Amino acid sequence: MALSDEERRARNAAKQRAYRARRRAEREAAAQSAVAANGNEGHGDEQPTTMRDALADAISHMKWIAPSDGASVAQAKQLADDIDKFHHEGDYAKALSAHRALSRVLNDLAGTPNVRLARELRSLKGTVEKPEGDDGGTQSSGAKQPANVTKLRRPPKRRA
């Protein structure tokens, strides 16, 4: 016998509730086993400080941070606290979201390797001597190139 729409919805809702309850129990069991594996029995309320410690170490090595960057540094520290808290609670979706936000803040502070490399290359761009000649594409033999720049040869001109 076919189920009515209301009966089908009620059965699906009951299945979803049971599934969510199983998942919640699995997350709680995983969190408890992680606490036991770390030797924190009886200290279940303590949050790990993995991200906070890594961020504090990274910020201490960022010599270019000015006092005007204080708000961004505080935001990064808050996000690191959130990440540690979410991992401790087992809420990995929120932790990933906080990781993305922390990466953006660190990019703004030039605290990631890609941004630092881009800024270093941009600063070196002004120190390279301009090539001599009117075509602008070839360098004279007297111009110095940085060690990390390869001299490229121009292709021969096409014949019409």
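The structure displayed is predicted, hence computed values, not measured ones. FYI, side chains are in, hydrogens and waters are out, and symmetry mates aren't considered; it's all heavy atoms of this structure.
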Would R9 and E6 pass as an ion pair if we require N to O under 4.0 Å? no

Residue list, side chain to side chain contact (heavy atoms under 4.5 Å, CB included) with E89, at least two apart or on another chain: K85, F86

What closest approach, in Å, do K94 and D91 show between heavy atoms, and which atom pair accounts for it? CD-OD2, 2.9 Å

S4 backbone acceptor or donor facing E7 side chain under 3.5 Å: yes

Counting distance only, does the side-chain N/O of D69 pair as donor-acceptor with the main-chain N or O of A66 below 3.5 Å? yes

Supply the members, apart from L102, of the Ile/Leu/Val/Met/Phe/Trp/Tyr cluster built from side-chain contacts under 4.5 Å; use none for a lone residue. M51, L55, I59, M62, W64, I65, V73, L79, I83, V105, L106, L109

Rounded to the nearest 0.5 Å, how far does [atom2] of [Y] lie from [atom1] of [X]?
{"X": "N114", "Y": "R116", "atom1": "CG", "atom2": "CZ", "value": "9.0 Å"}
{"X": "E120", "Y": "R122", "atom1": "CD", "atom2": "CZ", "value": "11.5 Å"}
{"X": "S72", "Y": "N107", "atom1": "OG", "atom2": "CG", "value": "11.5 Å"}

Restricting to side-chain hydrogen bond (donor to acceptor under 3.5 Å, both in side chains), what partner residues turn up for S97, sequence neighbours left out? none

Could I get the full list of side-chain hydrogen bond (donor to acceptor under 3.5 Å, both in side chains) partners for Q78, not counting sequence neighbours? D82

Suppose the criterion is ring-ring contact (aromatic ring centres under 6.0 Å, His included): which pairs have a residue in residues 97-117, not counting sequence neighbours? H87-H99

Salt bridge (charged side-chain N to carboxylate O under 4.0 Å, His left out): which pairs involve residues 11-22, sequence neighbours left out? none

